[in-house]
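Lettering of chains follows the sequences in order, A, B, ..., and the numbering in each one begins at 1. Side-chain atoms are counted along with the backbone in the values below, which use heavy atoms only and exclude waters and symmetry mates.
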Number of protein chains: 2
Amino acid sequence: MDTLQLDLVLAAMAHPSRRRMLDLVSSMPGMSVTAVASHFDVSRIAVMKHLRILETAGLITSRKKGRVRHLFFNPIPIQLVYDRWTTQYAGFWAGRMADLKTRIEGRAGTEELKSA
Amino acid sequence: MDTLQLDLVLAAMAHPSRRRMLDLVSSMPGMSVTAVASHFDVSRIAVMKHLRILETAGLITSRKKGRVRHLFFNPIPIQLVYDRWTTQYAGFWAGRMADLKTRIEGRAGTEELKSA
DNA sequence: ACAACATGTAACCCCAAGGTTACATATCAG
DNA sequence: CTGATATGTAACCTTGGGGTTACATGTTGT
């Protein structure tokens with residue numbers, strides 16, 4: 001997963017309303033834009049913009065049937081984000097999950113690293 | 001994890017520079033603010049603001065020794081976000097995330113994780 | 001002591017994110 | 001056909017995120 005895609009996904013997830021939209025769409029696959037908008041106080045256009053951001057990030061897909069756009073949740077980008085994250089900080093994760101004390105003692109010497 | 005904390009963490013991670021800062025601090029625990037700033041084109045004040053956002057989100061901690069602030073990476077908030085999503089979208093993950101978790105917990109070294 | 005250094009605070013600027021209203025198009029129901 | 005419905009586009013406004021410079025404070029080394 002490239003940095004651009006990662007940025008799109010994280011930026012999309014950063015907004016509480018968009019996370020709520022993901023919850024909605026994932027719990028009711030195929031729901032319409034208007035149906036989503038009915039759960040929010042903001043205008044339908046604002047909701048549409050949020051949905052576009054989510055779709056650009058790949059977190060939502062949509063298929064138009066007649067005049068209705070059906071929305072579907074796609075968890076793949078989130079999987080990729082967390083796969084990357086847990087891999088990048090693998091040392092910390094493993095330490096936390098295995099034995100916290102061991103991790104701290106094992107890294108104690110590195111705290112005195114020069115910061116040039 | 002409450003919505004406010006979740007929002008802080010995701011908003012903090014949404015900025016590419018802040019993610020790079022997490023990488024830096026996690027790779028060199030205890031490094032100073034100036035040391036972090038030296039890796040970026042923007043001003044030291046801008047970097048300080050980013051670091052404050054990261055610290056407010058709980059993604060880094062710091063303790064001051066003399067005139068130097070030493071920075072430390074804290075992976076716990078990411079773990080909480082991870083838990084939130086895996087439970088919420090449990091039906092979508094199938095065995096995918098469970099497999100990732102198994103790889104981390106049962107890890108023998110960071111090398112095999114990077115190869116994943 | 002004092003000069004150089006690391007960090008902190010304050011005041012300000014710019015622009016994009018997030019919101020709005022108004023209008024346009026296309027499709028379904030009667 | 002015709003009106004109601006679902007979505008899309010356009011133009012605009014406002015707020016806050018991210019950046020800057022200037023200045024202040026505290027600490028280290030000589």
Whole-Å distance between [N] [atom2] and [X] [atom1]?
| X | N | atom1 | atom2 | answer |
| --- | --- | --- | --- | --- |
| A:Met21 | C:dG19 | CE | C1' | 12 Å |
| A:Ile53 | C:dA17 | CD1 | P | 7 Å |
| B:Asp41 | D:dG18 | CG | P | 17 Å |
| B:Asp7 | D:dG16 | CG | P | 14 Å |
| B:Leu51 | D:dG18 | CG | P | 13 Å |
| B:His15 | D:dG18 | NE2 | P | 5 Å |
| A:Leu54 | C:dA17 | CG | P | 14 Å |
| A:Arg44 | D:dA4 | CZ | P | 17 Å |

Answer with yes or no whether [X] presents, from its side chain, a donor or acceptor under 3.5 Å of a partner atom in the base of [N].
| X | N | result |
| --- | --- | --- |
| B:Arg52 | C:dG8 | no |
| B:Lys49 | D:dG17 | no |
| A:Arg69 | D:dT7 | no |

State which of [options] makes the closest approach to the side chain of [X].
| X | options | result |
| --- | --- | --- |
| A:Ile45 | C:dA6, D:dT9, C:dG8 | D:dT9 |
| B:Met48 | D:dT7, C:dG18, C:dG8 | C:dG8 |
| B:Arg67 | C:dG8, D:dG26, D:dA6 | D:dG26 |

So, applying side chain to side chain contact (heavy atoms under 4.5 Å, CB included) with B:Leu8, which one of B:Leu54, B:Ile53, B:Thr56 is it? B:Thr56
Taking side chain to side chain contact (heavy atoms under 4.5 Å, CB included) as the criterion, tell me which of A:Ile78, A:Ile76, A:Asn74 meets it with A:Leu59.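 Passing option: A:Ile78.
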Give a yes or no answer on whether the side chain of B:Arg63 reaches the backbone of B:Phe72 with a donor-acceptor pair at less than 3.5 Å.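 Answer holds: no.
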Under a 3.5 Å distance rule, please check whether A:Arg20 uses its side chain to pair with a backbone N or O of A:His39 as donor and acceptor. yes
A:Ser32 near the nucleic acid: base, sugar-phosphate alone, or nothing, with a heavy-atom cut-off under 4.0 Å? sugar-phosphate
